[in-house]
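Note that the structure is predicted; figures quoted are calculated from it, not measured. Letters go in sequence order (proteins before strands), and every chain restarts at 1.
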Amino acid sequence: MHSELRLAVMSILAGVEDADFSYLKKQTGATSGNLSVQIDKLSAAGYISVEKGFKGKVPCTTCKITSAGLTAFENYVNSLKEYLI
Amino acid sequence: MENIEQKNEMTAQQSLNIISEMINESRRTILQSSAKHFMLWGSLLIVVSLVIYWLWQYSGSPVWNVVWFVMPALGFPMVRILERKESDIPQSKINMNIGLIWLTYCIFAVCISVIAMLWISMNITLILVVLVGFAEAISGFLLKNWAITISGFIIGIGGAVMASLLAAGAEQLLIFTVCGIMLVITGLIIKSQYK
């Protein structure tokens, strides 16, 4: 999680049911390629689940934080707080 | 917003800044979307209440209150269109809860109206206006937005007082017109706050 983009993606996903790729790209301002790579890494770590489907006729990638991802994110934020306090 | 590229060295403070920036940005987008819902339902309430008021005044018959049922019939398809336009905006847990609150309000409103029209006579305006205010105030608490909460209290308490003071008749409908105006203003406030 210790990369700006991965952390940004996790921060967004922690507050929503799920989010599609275009929303994450817009919110983070990242390039498609970079975002794809980081999403794959988060998915491989089991922090997010990725579902590929269609919205009408347009391909759509939807990401959702897993319970393991939420726990990891909470632990990460708590560690940061402890470190700063 | 500046592009976020992959960096492996971040201080704890930088990490927290990213988290809060992303959460705030996401909250802003979601609130902007909820503003449109307030404006849509508010506008619909203004139009429908004024149409019924005019029909009631013109014909002298309260039977025109059945036109209220047009509101959900028109409103929900319009919400679907709005959501389709903003299909990339995710559903937050807060938005889902607010949706459930207003859905509950709609169920209450329809059931109470049907009971009042067919079975037991009661002051529907008073009940419905309190419920609108209640739903809006809770929405405000969930969205952590004082403008919405305060206007909810004004609608609920002010509306209840007005419904009790005004004589039973077409004039009661104007309370709903004011409610609609308050909902539109709420939407406009959220929109301007989270531009």
Side-chain angles (χ1 to χ4, degrees), chain A residues 1-42 48 53-65 70 73-85, chain B residues 1-34 36-37 79-103 139 141-145 190 194-195:
Chain A
M1 214 181 293
H2 202 67
S3 114
E4 280 192 34
L5 187 49
R6 284 200 293 272
L7 186 58
V9 169
M10 290 296 283
S11 304
I12 295 167
L13 292 178
V16 297
E17 272 300 296
D18 53 36
D20 66 29
F21 187 86
S22 60
Y23 179 79
L24 291 171
K25 191 180 163 203
K26 194 171 141 194
Q27 294 298 111
T28 58
T31 60
S32 298
N34 196 8
L35 184 59
S36 252
V37 170
Q38 301 312 324
I39 283 175
D40 285 345
K41 284 186 181 176
L42 287 169
I48 64 170
F54 286 88
K55 257 184 193 169
K57 288 178 182 174
V58 184
C60 171
T61 303
T62 309
C63 303
K64 186 175 183 166
I65 197 163
L70 201 56
F73 183 69
E74 281 168 359
N75 290 340
Y76 186 80
V77 173
N78 288 336
S79 310
L80 288 176
K81 279 184 189 168
E82 280 171 22
Y83 179 76
L84 286 171
I85 295 168
Chain B
M1 187 199 302
E2 281 178 30
N3 277 10
I4 296 170
E5 295 303 330
Q6 187 181 6
K7 287 175 189 168
N8 288 318
E9 294 302 320
M10 277 192 298
T11 65
Q13 191 57 55
Q14 279 174 319
S15 299
L16 278 180
N17 287 346
I18 289 168
I19 293 167
S20 62
E21 188 193 341
M22 282 304 115
I23 290 172
N24 287 336
E25 188 65 24
S26 203
R27 180 178 146 81
R28 191 185 66 83
T29 311
I30 289 162
L31 273 170
Q32 270 186 337
S33 166
S34 78
K36 288 177 190 161
H37 288 255
V79 167
R80 294 284 292 175
I81 293 166
L82 195 70
E83 284 174 347
R84 212 172 293 160
K85 276 184 185 171
E86 296 178 330
S87 60
D88 63 327
I89 295 176
Q91 269 281 26
S92 72
K93 277 130 196 157
I94 293 171
N95 265 14
M96 276 178 67
N97 288 332
I98 289 173
L100 284 174
I101 289 168
W102 286 97
L103 181 67
S139 303
F141 281 124
L142 284 175
L143 290 166
K144 290 181 183 164
N145 187 300
I190 301 171
Y194 297 95
K195 242 190 251 180

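Heavy-atom distances place no part of A:F21 under 4.5 Å from chain B, backbone and side chain included.
Contact count versus chain B (heavy atoms, under 4.5 Å) is highest, among A:V77, A:I12, A:V9, for A:I12.
Closest non-hydrogen pair, B:I23 versus A:S11, comes out as CG1-O, 3.9 Å. Pairing each heavy atom of B:M22 with each of A:Q27, the nearest pair is CE-O, 3.7 Å.
Annotation: side-chain contact (heavy atoms from CB on, under 4.5 Å) contacts of A:S79 (sequence neighbours excluded): none.
Atom-to-atom distance recorded for B:N17:CG and A:E4:CD is 10.0 Å, nearest 0.5 angstrom.
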